[in-house]
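As the structure lists them, so they are numbered: ligands from 1, and atoms in each ligand from 1. For reference, positions follow the sequence shown, starting with 1.
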Amino acid sequence: MDDDAQVRHSLAKVIEAHGLATIEASSGAEALAILERGGEVPLVISDIYMPEMDGVTFIREALQRFPDMAIVMLTGVAEVATAVECLKLGALDYISKPVHIEEVRARVDKALEKRELVLQNRFYRQHLESRVRELDRRNKQSLINGVQMLVHALEAKDAYTSGHSTRVSRYAVKTAVLLGYTGDRLEQIRLGGELHDIGKIGTREDILNKPGPLTPAEFQQIQDHAPLGERILAPFMAESPSVLRIVRSHHERVDGAGFPDGLAGDAIPHEARIVAVVDAFDAMTTNRAYRPSRTPPDAVGELRRCAGTHFDREIVETFLRAFPDPAALPIPD
Ligand SMILES: [Fe+2]
């Protein structure tokens with residue numbers, strides 16, 4: 001593309017003799033119109049100074065619409081600064097005037113090669129990215145399947161856990177949203193809710209389902225489900241530390257009287273404090289081996305009564321804001 005028809009024609013001849021087809025345009029505007037009509041071309045050779053639209057503006061507009069085009073500028077000796085500006089804007093090279101045939105061939109070949117490389121690289125990168133995404137998706141899916149299997153294994157063992165994990169997860173997520181959790185942190189709450197009692201897989205069935213009071217040794221076994229759950233999950237939950245914290249610490253109490261570590265107040269991971277509240281609420285409002293269920297308003301009263309000793313006060317209030325209608329509780333699983 002050049003406003004000087006003579007330069008343009010002779011350049012076109014050189015390039016055609018080199019085995020490539022050419023289209024001529026006398027201005028940037030005309031070139032853009034041709035591209036717009038016929039689609040992008042592999043290579044544009046453009047003069048820098050032209051009427052209507054200069055080379056700099058042309059590069060900007062052309063690459064915005066056709067980013068895969070190779071552009072080579074034609075420059076006079078005095079235009080080196082502008083040529084450099086063109087390179088910064090994405091032109092691949094420049095040819096100095098007066099034009100030498102050998103130089104044109106060499107620069108054209110080099111520019112086309114460069115473009116080919118860029119396109120290939122992009123293709124491989126995109127291909128690789130989609131492969132990685134696919135692997136990531138499959139990994140996540142098998143993790144979810146594994147989790148589902150664990151939950152089912154536990155539910156088969158402890159009739160009272162059936163539906164409990166799912167409800168705890170739902171209560172916890174809705175409460176966590178009001179507490180500002182989003183994205184991956186929220187997803188970990190969901191998973192942590194699902195898995196919080198997974199360590200009960202290691203608790204003896206007769207203890208899990210014992211209707212009467214527990215002996216100290218039996219109570220110890222029950223307590224062990226929290227650290228045991230953490231140990232079971234740790235090998236494949238390295239990237240979900242919140243899930244592990246929930247599983248280990250969902251029986252801690254803010255007054256320090258909980259288990260397994262006797263942590264108090266803010267030392268208890270926040271996500272575990274959330275699950276502690278909603279776990280207790282669901283346990284109270286569904287039948288257990290050792291006692292019948294309470295009504296939701298009764299359970300709400302109990303949460304409030306124990307706020308500040310057993311439970312985090314702010315989390316109790318947030319949970320009650322998330323589920324303001326006791327008549328709608330417990331939620332279906
Ligand atoms: Fe538990």
Of all the heavy-atom pairs spanning Arg60 and Leu89, show the shortest one and how long it is.
-> NE-CD2, 3.9 Å

Return the orientation label for the Phe323 and Phe319 ring planes: parallel under 30°, perpendicular over 60°, tilted otherwise.
-> tilted

Please lay out, stage by stage, how Arg8 and Asp47 fare under the test salt bridge (Lys or Arg N to Asp or Glu O under 4.0 Å).
-> CA-CA 9 Å; Arg8 216 169 61 220; Asp47 194 14; over 6 Å; no

Would you confirm whether Asp312, through its side chain, and Ile315, through its main-chain N or O, come within 3.5 Å as a donor-acceptor pair?
-> yes

Show me the donor-acceptor pairs within less than 3.5 Å that the side chains of residues 236-248 make with the rest of the protein, sequence neighbours left out.
| residue | atom | partner | partner atom | Å |
| --- | --- | --- | --- | --- |
| Ser242 | OG | Arg245 | NH2 | 3.4 |
| Ser242 | OG | Glu271 | OE2 | 2.7 |
| Arg245 | NE | Glu271 | OE2 | 3.0 |
| Arg245 | NH2 | Glu271 | OE2 | 3.2 |
| Arg248 | NE | Asp261 | OD2 | 2.8 |
| Arg248 | NH1 | Glu230 | OE1 | 2.8 |
| Arg248 | NH2 | Asp261 | OD1 | 3.0 |

Can you spot which of His251, His250, His225 makes a ring pair (Phe, Tyr, Trp, His ring centres under 6.0 Å) with His196?
-> His250

Take the Fe ion (ligand 1) and tell me which protein N, O or S atoms are nearer than 2.8 Å.
-> Asp197 OD1, His225 NE2, His250 NE2, His251 NE2

